[in-house]
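This report refers to the structure that appears directly beneath it.
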Amino acid sequence: MTYYELKSKQAFNYVFDETNEDMSSHMFAYLHYKHFKNFLNDKPATKKLIIFSDGCGYQNKCTNGSNAFLKLATEQDVTIEEKFLVSGHTQMECDSVHSVVESKLKGCDIYVPSDLMVAIQLARQHPFPYKVKDVKWSEAVKLSELVKSIRPGKKRWAWLGGDQIVDCVSTNQYPGGRSGASTWHDEHRNVSWMFGGQGFSDLPSGKPHLQNDLWQFYSGGKEMKEFFVKLGPAQSKSNAEGRSEQDFQSWPGKRHHSSMCGLPDMFVLHGGLGENGSALEDMWKYDMKTNSWTQLFRKGPGPRGHSGVWCFGSFMYLFGGIGVNGQILNDMWRLNLLSLEWTLLQPPSDDKTYLPKARNGPATWISDGTLYMFGGNTAPSFSYSMQLTEGLTSDLWVYYPCNATWECISDSLETTANGIHTSYAGKKLTINAPSPRIGAGSWQDSFGSLWLFGGAGVQNHATKMNRHSQVLSDLWRFSFKLKNWVFVGGSSGSGQAGVYKTLGKETEDGVPGGRTEMMVFYGACDKIYIFGGVGHDARKIDGFLNDLWSVNVSTILSGRYRISAFSLLLFLGVCISLLIFSLILGVWGFRNKSHEILSRHMNGSSGHQYRQLKNNSDI
């Protein structure tokens, strides 16, 4: 496969061994993606890329190739225009490269791909040798699976399980409605862990309560559906068959909004909010080999819950949260998951210029080795039962672990009793940004982009602020190249009820209802799962949800670049009208020209014109 850069006159040749794998459109799509990604990384100032290619069906002119370019365009925030040469006129610079190489191969013996690579490098010396690389099939297979998942289409959300109504109880195979559970994704096993929360367990109490059950979520695969596995504890001490008193003593108590991170063979649970909103400070270690808990006694953060949490390598970072007597905190801690020792990175501070305000319930991400934090509540009067909008914010901060510094990188809105206003002087207000909120779902994709869904807060572009927050269902992506938020989809208002269509199938109009404090699980190839939370069911009744939804981020992005059927028909109609109008003008002009020539012949004119000379000055 050859790529030729017109400006530099450099040729790039990729060599592969077809005995390892049959060539397919997916593999050529991988080559397109890999080559032009390297090109754009070397030339970051590039805004538009124009590619000329022949019309080979499975190499260039195919859906997989276009999807590979689409993936690259969304990742790099560039415009990519692909032009195909007309059949019969496909001679271009790449063919000249092949001719030079074929001339060099005359009389040469080629036994293995490395022999061909050497011959290509020696085929031209001036102005510089051709570049040549071998193709790694293991990398190509990974991208080919991703390319399959980014075919354009409107189908986005898929309802995969759970109930269409709120406040359903748990079974041994599926969790009941809940919110605020702690989650951690084990990348090595591709399994997500979920502990506790508030909602409905298998106890027939009729009222929501705190929980301390432990679940695993498996995202499935090509031939396996998603499923949950319950690891304990039993329902209660009175009906726990086969459970001893010691089993319950060595199990964390009931809580929600605790912090959880881990390593391949263990994870750690810290703090949270217990009965009556009391802040907890106990720390537990779960051993995956023995499926057992061990309480740890380490000096570290005081009692707290609903902190900003980041699981970064072998460390867990914590920022702020709700402490004793509802105090809102702004200190920063780091737990070494190997030594299980805490380090204070930032003590409590009143500096509101260079440090984030004290808060609880922010959304967090990790991208390119840095920690990001958005929104949350900053008001000391916050109450989970009241859900007031006062104190909610929408600022975006980044924390650099290398030098332990913070930076505010996005405009901010903040709610007070008097309305919504900018909270940082000198910042330009950006209207196209997520509104102030708490408890939003957050995740990052394979490109490093930040995604935000729902939460409880103020609806976007609100002209009047409600005293109590509303559950939201809008979806946003933060573009690092634009340094701004981009509204991707969902409802920009509030009150969206869940729309449940065919179970297990992506549909065009099926969407999750507005919600907050949901759980987010990761799947393969940018597939994200959202489970439960507090929000609207299919009847628009509020309560604790236990529905499971999936969405493919790449599918959402590709859908933004589609042309609607109406727009396409309108465009074709205008083109056809212009074409007919041009033909009419052409026929009318041809008839007038023919009439003029005929008149000249009838008057004996040979096509030249003469005039009578009036005086000598005209000679």
Side-chain angles (χ1 to χ4, degrees), residues 180 182 196 255-261 268-283 298-312 315-336 341-365 371-388 390-401 404-408 412 414-416 423-424 436-440 442 455-457 516-517:
S182 307
R255 67 193 69 198
H256 65 150
H257 296 310
S258 53
S259 305
M260 191 162 71
C261 290
V268 172
L269 181 77
H270 175 268
L273 301 177
E275 298 293 346
N276 301 318
S278 59
L280 306 174
E281 64 175 332
D282 54 342
M283 185 166 70
R298 299 288 191 276
K299 184 178 180 180
R304 69 188 59 211
H306 216 182
S307 304
V309 184
W310 299 267
C311 301
F312 183 34
F315 296 98
M316 177 170 70
Y317 288 80
L318 296 184
F319 177 84
I322 297 182
V324 178
N325 297 325
Q327 180 186 6
I328 308 299
L329 308 171
N330 73 335
D331 49 349
M332 185 85 170
W333 290 83
R334 182 183 67 195
L335 173 66
N336 188 320
E341 297 294 334
W342 288 98
T343 302
L344 177 61
L345 301 177
Q346 172 194 309
S349 173
D350 294 329
D351 184 355
K352 299 179 181 179
T353 304
Y354 300 102
L355 298 175
K357 290 183 178 181
R359 70 191 62 204
N360 65 291
T364 59
W365 305 265
L371 315 182
Y372 292 84
M373 180 174 68
F374 170 86
N377 164 71
T378 61
S381 59
F382 176 78
S383 169
Y384 286 100
S385 59
M386 295 293 293
Q387 287 289 338
L388 301 178
E390 181 180 355
L392 299 184
T393 184
S394 64
D395 49 352
L396 179 63
W397 289 81
V398 57
Y399 179 82
Y400 303 99
T405 58
W406 285 97
E407 178 187 4
C408 183
S412 174
E414 186 172 295
T415 57
T416 66
S423 60
Y424 293 94
R437 67 191 65 198
I438 186 175
S442 60
T516 183
E517 298 179 15

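This chain uses plain numbering: 1 for the first residue, then up along the sequence.
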Shortest non-hydrogen contact between Leu392 and Ala456, atoms and distance:
CD1-O, 3.8 Å
Result of checking Tyr354, Trp406, Tyr372 against Tyr399 for ring-ring contact (aromatic ring centres under 6.0 Å, His included)
Trp406
Keeping the roles fixed (side chain from Trp310, backbone from Trp365), state whether a donor-acceptor pair exists under 3.5 Å.
yes
Does the Asn325 side chain pair with the main chain of Gln327, one donor and one acceptor, at a distance under 3.5 Å?
no
Can you tell me how far the SG atom of Cys408 sits from the NZ atom of Lys357, to the nearest 0.5 Å?
10.5 Å
Which of these passes side-chain contact (heavy atoms from CB on, under 4.5 Å) with Met332: Leu355, Leu371, Thr343?
Leu371
Ignoring hydrogens, what is the shortest heavy-atom contact between Pro303 and Ala279? Give both atom names and the distance.
CB-O, 3.5 Å
Whether Thr405 side chain and Tyr400 backbone form a donor-acceptor pair below 3.5 Å:
no
Qualifying residue for side chain to side chain donor-acceptor pair (under 3.5 Å) with Arg359, from Asp395, Thr378, Asn330:
Asp395
Go through it in stages, so that I can follow the logic: the residues are Asn336 and Phe315, the test is side-chain contact (heavy atoms from CB on, under 4.5 Å), and I'd like the CA-CA distance, side-chain angles, deciding distance and then a yes or no.
CA-CA 5 Å; Asn336 188 320; Phe315 296 98; 3.8 Å; yes
Please report the shortest heavy-atom distance between Arg304 and Gly320, naming the atom on each side.
NH1-O, 3.2 Å
Rounded distance (nearest 0.5 Å) linking atom CG of Asp282 with atom CG of Leu269
7.5 Å
Residues His306, Ile438; criterion side-chain contact (heavy atoms from CB on, under 4.5 Å); working and verdict
CA-CA 10 Å; His306 216 182; Ile438 186 175; 4.2 Å; yes
Within a strict 4.5 Å, meaning less than it, do heavy atoms of the Phe312 and Arg334 side chains meet?
no
What is the minimum heavy-atom distance between Pro301 and Leu318, and which atoms define it?
CG-CD1, 4.4 Å
Taking C-beta and beyond as the side chain, do Tyr317 and Pro401 meet within less than 4.5 Å on heavy atoms?
yes
Contact check, side chains of Ile322 and His257, non-hydrogen atoms, under 4.5 Å:
no
Are Phe319 and Trp397 an aromatic pair by the rule of ring centers under 6.0 Å?
no
Within the 4.5 Å heavy-atom criterion, are Met316 and Val309 side-chain neighbours or not?
yes
Closest approach of Ser307 to Ser259 (non-hydrogen atoms, all atoms of both residues):
CB-OG, 4.4 Å
Work out which heavy atom in Ser258 is nearest to a heavy atom in Gly271; give both atom names and the distance.
CB-O, 3.0 Å
Answer whether the closest heavy-atom distance between the side chains of Arg298 and Leu335 falls below 4.5 Å.
no
Tell me whether the centres of the aromatic rings in His270 and Trp342 are closer together than 6.0 Å.
yes
